[in-house]
Amino acid sequence: MKKSIAKFLVLIVLSIIIFGFNQQSDPINKPEYVIVIHGGAGNASNNDINEEQQKEYLEKLNEALTIGEEILKNGGTCIEAIEKTINYMEDCPLFNAGKGAVFTNEGYNELDASIMQGWDLNAGAVAGVRDIKNPISAAIKVMTNSKHVLLSGKGASEFAGKQNIEIVDSTYFFIESKWKSLQNALNSEKHGTVGCVVLDKYGNLAAGTSTGGMTNKKYGRIGDSPIIGAGTYANNNTCAVSATGHGEFFIRYTVAHDISALMEYKNLSLTEASNVVINEKLVKAGGAGGIIAVDKNGNISMTFNTNLMFRAFAKSSGEKDVAIFK
Ligand code: ASP
């Protein structure tokens, strides 16, 4: 009798250890694919974005997510999924990327984007471009078809044109509401950058980010989004990260790489590492924003220290969510 009670207790303890404490996916329970996206972070409250607008954001996030998910389900790669998902968000005026990019102080739209793949640490980026319709596609060409990582301004456009990336007239980016928000820069919301991180069927991680930067930016200012290690980072040994927020802080704190480094050198989980960087280090420094990330076992993080981050995720297991506020 005593023996069977002891056996029973051992079984209970074992199952708690295996199933209870281990909420995180391990290599064995790794989902086939995972995709996480963001559409920017900000401090607007529930009252600042009316119900109709919230519905529209949720719908567009869901559509973007579905594009990437379909690609992954059908055996597409992480880079294909990121490109098409971000292209959709770049073409949607709702987000501060591509078509919906905010205006600079001088009344232009200057776009930044970057991509990184985790298996060979190859990366590509464009910064300060004024006429590339889909900057993430240009960033991918920089990664795959050039010897460089980051191209800027006119040179980036010239390269992109030669790579058959669509070049548009600058009037393409004119959107009345974004123009008004430049005129009224103090009241403008700064969120809207887009990002996508993926773990694909082949066990590869990648991250991409695309933005119009910050409203009213001056002097050719470049934020974190096209900076590898700051706004974007991916490493198959750890995780893939895409950031959004006050770029100057994300550059100084090398946010995306710091999360990966904490996992690599300190053995932190993705959740712990994201918390340390976003909710401790950045909060202490006064840097507002957030990240989306996926680790090599398919665990995800959507961590932000602002009121909201437009975000969504889907896993091959069927888990899915689209959300705005905390
Ligand atoms: N991080 C972007 C930048 O500083 C802006 C944003 O994510 O809202 O350019």
Side-chain angles (χ1 to χ4, degrees), residues 36-44 48-49 57 61 86 89-90 92-106 108-116 125-130 132 135-136 139 150 152-153 156 173 178 181-182 185 187-197 207-233 241-259 274 277-278 282 285-293 302-311 324:
V36 193
I37 62 173
H38 74 71
N43 272 325
D48 300 322
I49 309 175
Y57 271 112
L61 285 167
I86 291 190
M89 295 170 98
E90 286 175 332
C92 172
L94 215 51
F95 301 105
N96 172 22
K99 173 83 182 147
V102 295
F103 283 90
T104 65
N105 180 263
E106 294 89 5
Y108 297 107
N109 310 90
E110 289 178 352
L111 298 86
D112 309 326
S114 66
I115 183 103
M116 184 169 192
V126 293
V129 296
R130 291 183 177 176
I132 296 179
I136 194 71
L150 173 58
S152 71
F173 300 106
K178 310 265 170 169
S181 90
L182 167 67
N187 295 326
S188 74
E189 257 302 323
K190 289 169 188 156
H191 58 72
T193 292
V194 306
C196 180
V197 297
T209 312
S210 184
T211 189
M214 288 173 100
T215 299
N216 202 24
K217 62 187 180 183
K218 258 182 165 176
Y219 310 125
R221 178 263 186 195
I222 306 284
D224 60 311
S225 308
I227 308 296
I228 298 302
T232 303
Y233 192 74
V241 183
S242 168
T244 176
H246 194 153
E248 280 67 12
F249 288 87
F250 283 70
I251 294 174
R252 288 161 55 212
Y253 285 79
T254 53
V255 165
H257 180 260
D258 201 24
I259 291 172
S274 313
V277 178
I278 302 299
L282 275 190
I291 57 99
I292 51 164
M302 302 185 288
T303 307
F304 50 104
N305 61 30
T306 44
N307 285 347
L308 68 82
M309 183 168 76
F310 299 98
R311 62 198 188 277
I324 301 177

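Values reported hereafter were calculated over all heavy atoms of this structure, with side chains retained and with hydrogens, waters and symmetry mates removed. Start at 1 and go down the list; that is how both ligands and their atoms are numbered. Quick caveat: nothing in here was measured; it's all calculated off a predicted structure. We number each residue from 1, following the sequence as shown.
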Problem set entry | Subset of ligand 1 atoms that lie under 4.0 Å from at least one heavy atom of Gly223 | 9 (O)

Exercise. Mind checking whether Gly213 has an N or O less than 3.5 Å away from an N or O of ligand 1?
Worked result: no

Problem set entry | Of Thr193, Asp224, Thr232, the residue whose pairing with Thr209 passes side chain to side chain donor-acceptor pair (under 3.5 Å) | Thr232

Problem set entry | Heavy atom of Ser225, distance to ligand 1 below 4.0 Å | yes

For this session: Provide the number and element of each atom of ligand 1 under 4.0 Å from a heavy atom of Thr193.
Result: 2 (C), 5 (C), 6 (C), 7 (O), 8 (O)

Exercise. Taking 4.0 angstrom as the limit, do Glu248 and Arg221 come out as a salt bridge?
Worked result: yes

Exercise. Does a side chain donor of either Thr104 or Glu110 reach within less than 3.5 Å of an acceptor in the other side chain?
Worked result: no

Exercise. Can you find an N/O atom of Asn96 closer than 3.5 Å to an N/O atom of ligand 1?
Worked result: no

For this session: State, with a plain yes or no, whether a side-chain heavy atom of Asp112 is found less than 4.5 Å away from one of Val126.
Result: no

Exercise. With a 4.0 Å cut-off on heavy atoms, does Arg221 reach ligand 1?
Worked result: yes

Exercise. Judging by distance only, is a nitrogen or oxygen of Thr244 under 3.5 angstrom from one on ligand 1?
Worked result: yes

Exercise. Relative to the heavy atoms of Asp224, which atoms of ligand 1 are at a distance of less than 4.0 Å?
Worked result: 1 (N), 2 (C), 3 (C), 4 (O)

Exercise. Does any N or O atom in Gly247 lie less than 3.5 angstrom from one in ligand 1, N or O only?
Worked result: yes

Problem set entry | Reported OG1-to-CZ distance for the pair Thr244 and Phe250, which is rounded to 0.5 angstrom | 7.0 Å

Exercise. Quick one: does Ser114's side chain have a donor or acceptor within less than 3.5 Å of a partner on Ser225's backbone?
Worked result: yes

Problem set entry | Nitrogen or oxygen of Thr211 less than 3.5 angstrom from that of ligand 1 | no

Exercise. Gly40 near ligand 1, heavy-atom distance under 4.0 Å?
Worked result: no

Seminar exercise, completed: When rounded to the nearest 0.5 Å, the distance separating CD of Glu90 from CG of Leu111 is 8.0 Å

